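Side-chain atoms are counted along with the backbone in the values below, which use heavy atoms only and exclude waters and symmetry mates. Residue numbers start at 1 and run along the sequence shown. This structure is a prediction, so every number in the text was calculated from the model and none was measured.
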Amino acid sequence: MKEMKRIKRNAGFTLIELLIVMIILGLLAALVAPRMFGKVGTSKQKAAKSQMSLFETALDTYRLDVGKYPTTEQGLAVLREKPGDTDDWDGPYLPKEVPVDPWGQAYIYTNPSEHGDYDIQSYGADKQPGGEGENADIVSWKDL
């Protein structure tokens, strides 16, 4: 009878063993999490830049069909909806609705622009012009 009680006692984990495992998991999480969360900001910036490249391709196709880039007033919406002032529109030029940037804001499209045929920009994480790091503006005329 004593041997069966001893077997049952040794069959489970002790509280100390569970605490040690939890401490080890906590230490691992403390070491790995900052590295992984540090990548979130740069991945959002890269996603914004990729979306801008998609817009650039669609805008170039729009220009080939219509003969000019959309104006600031028309914006990126003409890539999905035919403007009333042209018969040469052969869109939609984007497969889905115009997406917002990774921070939930609309992209800013400008034509005429200061940097080329048109400008596309996102204000980044702080949603304000300027900034550094994750708050930096993402623009179509510069690489990351």
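- The number of heavy atoms from other shown groups lying within 6.0 Å of NZ (K68) does not exceed 12.
- Minimum interatomic distance between M52 and S122 (heavy atoms only, all atoms of both residues): CE-N, 3.6 Å.
- Side-chain contacts under 4.5 Å among hydrophobic residues (ILVMFWY), followed directly or transitively, place L27 together with I23.
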Please test L59 against L79 for side-chain contact (heavy atoms from CB on, under 4.5 Å), starting from the C-alpha separation and ending with a verdict. CA-CA 7 Å; L59 286 165; L79 299 175; 3.9 Å; yes

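- Listed here is the closest heavy atom pair of P70 and N111: O-ND2, 2.8 Å.
- Linking Ile, Leu, Val, Met, Phe, Trp and Tyr whenever their side-chain heavy atoms come within less than 4.5 Å puts Y109 and W89 in one cluster.
- Members clustered with V21: L25, by chain and number, using a 4.5 Å side-chain heavy-atom cutoff among hydrophobic residues.
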Run the side-chain donor-acceptor check on residues 91-98: report pairs under 3.5 Å with partners two or more places apart or on a different chain.
residue, atom, partner, partner atom, Å
Y93, OH, D65, OD2, 2.7
Y93, OH, D90, N, 2.8

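- Ring centroid separation for the pair Y62 and Y69 does not come in under the 6.0 Å cut-off.
- Between W103 and Q45 there is a side-chain heavy-atom pair separated by less than 4.5 Å.
- With contacts defined as side-chain heavy-atom distances shorter than 4.5 Å, the pair P129/Q121 does not qualify.
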Full working for side-chain contact (heavy atoms from CB on, under 4.5 Å) between T14 and L18: CA-CA 6 Å; T14 66; L18 289 174; over 6 Å; no

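- Every residue was checked against the ring-ring contact (aromatic ring centres under 6.0 Å, His included) condition with Y123, not counting sequence neighbours, and none meets it.
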Show the numbers, then the answer: is there a side-chain contact (heavy atoms from CB on, under 4.5 Å) between V66 and T86? CA-CA 7 Å; V66 177; T86 184; 3.8 Å; yes

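- Put simply, CD on Q74 and CG on L76 are 11.0 Å apart, with the number rounded to the nearest 0.5 Å.
- Other residues, nucleotides and ligands contribute over 12 non-hydrogen atoms within 6.0 Å of the CG atom of D85.
- With rounding to the nearest 0.5 Å, the separation of CD1 in I20 from CG in L15 is 10.0 Å.
- Closest approach of D117 and S113 over heavy atoms only: C-OG, 3.8 Å.
- Members clustered with L64: none, using a 4.5 Å side-chain heavy-atom cutoff among hydrophobic residues.
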Mind running side chain to side chain donor-acceptor pair (under 3.5 Å) on T110 and D119 for me, showing each step along the way? CA-CA 5 Å; T110 310; D119 292 345; 5.3 Å; no

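- With sequence neighbours excluded, the residues satisfying side chain to side chain contact (heavy atoms under 4.5 Å, CB included) with E56 are S53, Y118, I120, S140.
- No more than 12 heavy atoms of other residues, nucleotides or ligands sit less than 6.0 Å from atom CD of E132.
- For the pair I138 and K49, the minimum side-chain heavy-atom distance is below 4.5 Å.
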